[in-house]
Amino acid sequence: MKQKNVIFLTQAAMIAALYVVLTLVFAPFSFKEIQVRLAEALTILPAFTPAAIPGLFVGCLIGNILGGAALPDILFGSLATLAAAFLTYLLRSRSPFLAPAPPVLVNTLVVPFILRFGYGILLPIPLMMLTVGIGELISCGILGMALYFVLHRHQSTIFGNLTG
């Protein structure tokens with residue numbers, strides 16, 4: 001039992017660290033109304049391990065803080081990631097093509113309001129939903145699914161007994 005806890009915490013920490021690094025390295029593309037946050041490709045990981053749920057949340061939280069995000073983005077953006085990760089985990093036994101759906105949908109609905117009220121961006125909410133949604137489709141739908149199929153081939157080696 002103790003070893004499973006250590007593995008869980010290690011996986012969550014590694015996922016969080018990777019999310020932070022990807023967010024900060026690609027910061028010019030990770031924030032504002034037109035964004036492709038490459039770290040969002042990691043949001044498919046709850047389909048493999050429950051450790052990804054806290055890992056993605058903490059990674060997004062730290063990435064937003066270190067990236068200089070506004071307080072509403074730090075709070076609500078991170079909570080959106082947490083909700084999307086949990087929903088992805090719930091869909092894990094269904095089609096793999098559903099894995100990117102929660103982060104795409106949740107962020108498309110939440111982030112435009114963060115941009116409006118956290119950053120004062122006055123573009124129409126539907127336009128920002130479109131731009132954020134396109135960015136999410138690129139990062140989660142395309143890059144995330146590519147990552148999914150690579151990881152699926154090596155699932156037991158990478159994630160061990162923590163899947164499911």
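The shortest distance between side-chain heavy atoms of Thr81 and Glu40 falls below 4.5 Å. Taking the side chain as every heavy atom from C-beta outward, Phe48 and Arg92 never approach each other to under 4.5 Å. You'll find the side chain of Pro100 reaches within 4.5 Å of the side chain of Met145, heavy atoms only.
One hydrophobic cluster, built from ILVMFWY side chains closer than 4.5 Å, cannot hold both Ile74 and Val106; they sit in different ones. Linking Ile, Leu, Val, Met, Phe, Trp and Tyr residues whenever their side-chain heavy atoms come within less than 4.5 Å leaves Leu122 and Val111 in two separate clusters. Grouping the Ile, Leu, Val, Met, Phe, Trp and Tyr side chains by contacts below 4.5 angstrom, directly or via other members, places Ile65 apart from Ile15. Linking ILVMFWY residues whenever their side-chain heavy atoms come closer than 4.5 Å, directly or via other members, leaves Tyr19 and Ile142 in distinct clusters.
Applying the under-4.5 Å side-chain rule to Ile, Leu, Val, Met, Phe, Trp and Tyr, the cluster around Val6 consists of that residue alone. Taking Ile, Leu, Val, Met, Phe, Trp and Tyr as hydrophobic and joining them when side-chain heavy atoms fall under 4.5 Å apart, one finds Leu137 in a cluster with Val104. Grouped by direct or indirect side-chain proximity (heavy atoms under 4.5 Å, Ile/Leu/Val/Met/Phe/Trp/Tyr only), Leu98 sits with Leu91. Hydrophobic cluster membership of Met14, counting Ile, Leu, Val, Met, Phe, Trp and Tyr whose side-chain heavy atoms lie under 4.5 Å apart directly or via other members: none, as it forms a cluster of its own.
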(request) Under the side-chain contact (heavy atoms from CB on, under 4.5 Å) rule, what do Met129 and Leu109 come out as? Steps first, then yes or no, please. (result) CA-CA 7 Å; Met129 285 179 166; Leu109 294 173; 4.1 Å; yes

(request) Check step by step if side-chain contact (heavy atoms from CB on, under 4.5 Å) holds for Leu79 and Phe57. (result) CA-CA 7 Å; Leu79 288 173; Phe57 171 68; 4.1 Å; yes

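Residues passing the ring pair (Phe, Tyr, Trp, His ring centres under 6.0 Å) test with Phe76: none are found, sequence neighbours excluded. For Pro124, the side-chain contact (heavy atoms from CB on, under 4.5 Å) partners at least two apart in sequence or on another chain are Pro126, Leu127. Partners of Leu18 under the side-chain contact (heavy atoms from CB on, under 4.5 Å) rule, at least two apart in sequence or in another chain, are Leu22, Leu42. Under the side-chain contact (heavy atoms from CB on, under 4.5 Å) criterion, Ala85 pairs with Pro46, Ile53, Leu56, not counting sequence neighbours. For Asn64, the side chain to side chain donor-acceptor pair (under 3.5 Å) partners two or more places apart in sequence, or in a different chain, are Arg37. Applying the side-chain contact (heavy atoms from CB on, under 4.5 Å) criterion to Ala99, with sequence neighbours excluded, gives Ile44, Ala47, Thr88.
Smallest separation of non-hydrogen atoms from Ala84 and Pro103: CB-CA, 3.5 Å. Taking all atoms of both residues into account, the shortest heavy-atom contact from Val36 to Gly135 is CG2-CA, 3.9 Å. Across all non-hydrogen atoms, the minimal contact from Gly63 to Leu24 is O-CD2, 3.9 Å. The two residues Leu66 and Val20 make their nearest non-hydrogen contact at CD1-CG1, 4.2 Å. A pairwise comparison of heavy atoms in Leu61 and Ser78 identifies CA-OG, 3.1 Å as the closest pair.
Atom CD1 in Ile121 sits 4.5 Å away from atom CG in Leu115 (nearest 0.5 Å). With rounding to the nearest 0.5 angstrom, the CD1 atom of Ile125 is 4.5 Å from the CZ atom of Arg116. Between the CG atom in Leu105 and the CG atom in Leu87 there is a gap of 9.5 Å [rounded to 0.5 Å]. Between the CG atom of Asn5 and the NZ atom of Lys2 there is a distance of 9.5 Å, given to the nearest 0.5 Å. Here the OG1 atom belonging to Thr49 is positioned 8.0 Å from the OH atom belonging to Tyr89, to the nearest 0.5 angstrom.
Residue pairs meeting the side chain to side chain donor-acceptor pair (under 3.5 Å) criterion with at least one member in residues 128-142, sequence neighbours excluded: Asn107-Glu136. Residue pairs meeting the ring-ring contact (aromatic ring centres under 6.0 Å, His included) criterion with at least one partner in residues 92-121, sequence neighbours excluded, are Phe97-Phe149.
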